[in-house]
Trainee: 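Pasting in a structure now, in structure tokens, and then I'll have a few things to ask.
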Amino acid sequence: MENTEIARIFTEIADLLEIRGENPFRVRSYRNAGLIIEGLPVSLESIVERDESSLEDIPGIGKSIHEKIVEILKTGKCRFHQELLKEVSPGLLEVLKISGIGPKKVKLLADRLGIRSVDDLEKAAREHRLHELPGMGERSEQKILKAVEGYKTLRIASRRFRLSVAYPYARNYVEYLRAVPGTIDIEVAGSLRRWKDTIGDVDILVTCRKGADVMKRFIEYPDVREVVARGETKSTVILKVGLQVDLRVLDKKSFGAALQYFTGSKSHNIAVRDRARRMGLKVSEYGVFDERTGRRVAGEKEEDVYRAVGLEWMAPELRENRGEIEAAESGRLPVLVEERDIKGDLHVHTTESDGANTLEEMVEAAIERGYEYIAVTDHSKAVGIAHGLDEKRLLKQIEDIDRLNERLKDSGKRFRVLKGTEVDIRADGTLDLSPDILKRLDCVVAAVHSGFNMTGRKMTERIVKALGTGLVNILAHPTGRLIGTREPYEVDMEKVMSAAKKYGVFMELNSYPERLDLNDSYCMLARDKGILVSIATDSHGSLHLDHVIYGIHTARRGWLEKKDVLNTRPLSELLKLLRRS
DNA sequence: GCCGTTTTCGGCCCGACTGTTTTCAGTCG
């Protein structure tokens, strides 16, 4: 069973317990367990297989949750969860998702009005039966009705925005606010600053001589569809595209603390605050304070906040409570890969298959970026829709590239075009081009493009078989996910990576914004197994080369350093690494 | 339910905004 499925059960247990009015800390334990499991780089199944007792080495997983994990893996379900579901109607879990309704109101609605589902709730609101309840009035009723509508539309669309979608909206908003007279500091915080692959909302922080001015201008932004909340220090709007944006106005002396706090992640912050508490300090978005005297000890700079609690400053991408606090404490933080470390791109297309630019144009764009090399990896013939190349056309491209390299050399440019392909891995695990021609290439990228619905076991065998041919250099977009559109196919990534290690195959981190595949957790797994990662763009046009930043930041989220990344190597070293037996 | 630089018991992150309240509970991040 997949980790996400197990995580979902624990999150549901948390929700159900909360509706039942249980001890909030018990609730938090389950919720926390869900989050931790979600973020694990290895499957629980494989952990339990190897050494069951090591489960309790994972912080946040104790005896009780350990037992439940084992139970779920053995039986496919959890009795405790099932019993709760009998007691609390499952439809109430959906009611809980309506914005503005928390566990207390869910319980109230269920107990007093017999509400069991979102539809029940909508009906009750339309019949004006809600405002009789304690703590609810006319306005609550209207608000709930609106929230139900919002929920129903959101259920169709995806609830989170892809990083690459949210990013430009945030940037434009920031530029707009920067123009307000008196604005001193302005930063985007939140999951966007951590470069998470999907973004729930955008947090913008400002310091300004006159806070009211920037707040006013914030809600007047032309793209705003709705003002959800408006206060002196905090306001929330929803943009026309549905993206929520929060603005916080701060004092200069609290800016660093606020930046730290609103960058998150939530579990990182909880860990930082917990640590501070044990040191007799209190951390809030206004600063770090001595608990006894109330004296402020830090706040203006983010670095100072971390230093006050005995930690080195760490890159936002690391702040997921995945060991960064321990690393920062002992000065063992990774030196993360940076954009300037990247020497070339090992996955690009041209007009020969489904790219928008010619070979020459792609090369020119790569040279302009300051790269030393690119690998031209057009599709192979199985991918008919992309006009994939057969052996004959590929031979012709090989000759073209040889000639182009000659010309580059003659003109004194230190740049090499690598001959490559993105060869399709067929359903039976064979490759879509003959071994003879694959051996003539510098860089063979292999990928799955069809038959996504096979079982995990078959998919794993399929990919392992392809890697075992000894003809492949890089496994491209290893899980096949399209964020918000297509789930990753079922595959045992541990086994795939073990095979990759055995056969000398590298893993790709596809930087295409819809993919970001490998994701951050799998980057960690690759690093742990000692497999170099190729941060490649899969460019289908010269402008796509810029997508590399999304890949780099995802790699940073996976703790990758320059040495963990294949295409930080200079050409000569790269060629050695790509040599196949 | 988890956890341990004060602890195997007794804590557990912290503050803003909203709506309904005359001092606060619920929700959210």
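Throughout, protein chains are lettered first and strands after them, A, B, ... in sequence-line order, and every chain is numbered starting at 1.
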Trainee: At 4.0 Å (heavy atoms only), tell me whether A:F262 reaches a base, stays on the sugar-phosphate, or touches nothing.
Mentor: nothing
Trainee: Using the C1' atom in both, what is the distance from B:dT21 to B:dG26, to the nearest Å?
Mentor: 12 Å
Trainee: Is the shortest side-chain N/O distance from A:R277 to OP1 or OP2 of B:dT6 below 4.0 Å?
Mentor: no
Trainee: Starting at atom CG of A:D15, determine the distance to atom P of B:dC28, rounded to an integer number of angstrom.
Mentor: 11 Å
Trainee: Rounded to whole angstrom, note down the C1' distance from B:dG10 over to B:dG15.
Mentor: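 The answer is 24 Å between these two C1' atoms.
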Trainee: Can you tell me the distance, in whole Å, between the NZ atom of A:K105 and the P atom of B:dT18?
Mentor: 13 Å
Trainee: With nearest nucleotide decided by heavy atoms, which residue, A:S99 or A:V27, maps closer to the 5′ end of DNA chain B?
Mentor: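 It is A:V27, whose closest nucleotide lies nearer the 5' terminus.
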Trainee: Which is true for A:P103 with a 4.0 Å heavy-atom rule: it touches a base, it touches only sugar-phosphate, or it touches nothing?
Mentor: sugar-phosphate
Trainee: As a test of understanding, state which of A:K252, A:R307, A:K253 forms a salt bridge (Lys or Arg N to Asp or Glu O under 4.0 Å) with A:E300.
Mentor: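 Single pass found, and it is A:K252.
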Trainee: Please state how far atom CD in A:E291 lies from atom P in B:dC13, giving the value in whole angstrom units.
Mentor: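 Whole-Å distance recorded here is 12 Å.
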Trainee: Taking N and O atoms by type only, does the side chain of A:K104 place a donor or acceptor under 3.5 Å from a partner on the base of B:dG26?
Mentor: no
Trainee: Of the listed nucleotides (B:dT18, B:dG29, B:dC14), which one gets closest to any side-chain atom of A:A229?
Mentor: B:dT18
Trainee: Spell out yes or no: do the side chain of A:N23 and the base of B:dG1 have one donor N/O and one acceptor N/O closer than 3.5 Å?
Mentor: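 Result: at least one qualifying N/O pair found.
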Trainee: Ignoring the backbone of A:K234, work out which of B:dG1, B:dC17, B:dG15 is nearest its side chain.
Mentor: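 The listed nucleotide nearest to A:K234's side chain is B:dC17.
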Trainee: Quick one: is A:K282 getting a side-chain N or O under 4.0 Å of the B:dG15 phosphate, OP1 or OP2?
Mentor: yes
Trainee: Whole-Å distance between B:dT27 C1' and A:I144 CD1?
Mentor: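 A:I144 atom CD1 is separated from B:dT27 atom C1' by 12 Å.
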Trainee: List every contact pair, protein side and nucleotides 3-5 of chain B side both N or O, where the distance is under 3.5 Å.
Mentor:
{"from": "B:dC3", "atom 1": "OP1", "to": "A:G60", "atom 2": "N", "distance (Å)": "2.5"}

Trainee: With a 4.0 Å cut-off on heavy atoms, is A:M279 in touch with a base, just the backbone sugar-phosphate, or nothing at all?
Mentor: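 It contacts nothing in the nucleic acid.
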Trainee: For B:dA16, take OP1 and OP2 only and decide whether either is under 4.0 Å from a side-chain N or O of A:Y286.
Mentor: yes
Trainee: Is it true that A:K234 and A:D203 make a salt bridge, defined as a side-chain N closer than 4.0 Å to a carboxylate O?
Mentor: no
Trainee: Base, sugar-phosphate or nothing for A:R139? Non-hydrogen atoms, less than 4.0 Å.
Mentor: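 The residue A:R139 makes sugar-phosphate contact but no base contact.
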Trainee: Between B:dG19, B:dG15, B:dC17, spot the one nearest the side chain of A:S140, thanks.
Mentor: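 Of all the options, the side chain of A:S140 is nearest to B:dG19.
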Trainee: Does B:dG1 have its OP1 or OP2 closer than 4.0 Å to a side-chain nitrogen or oxygen of A:R26?
Mentor: yes
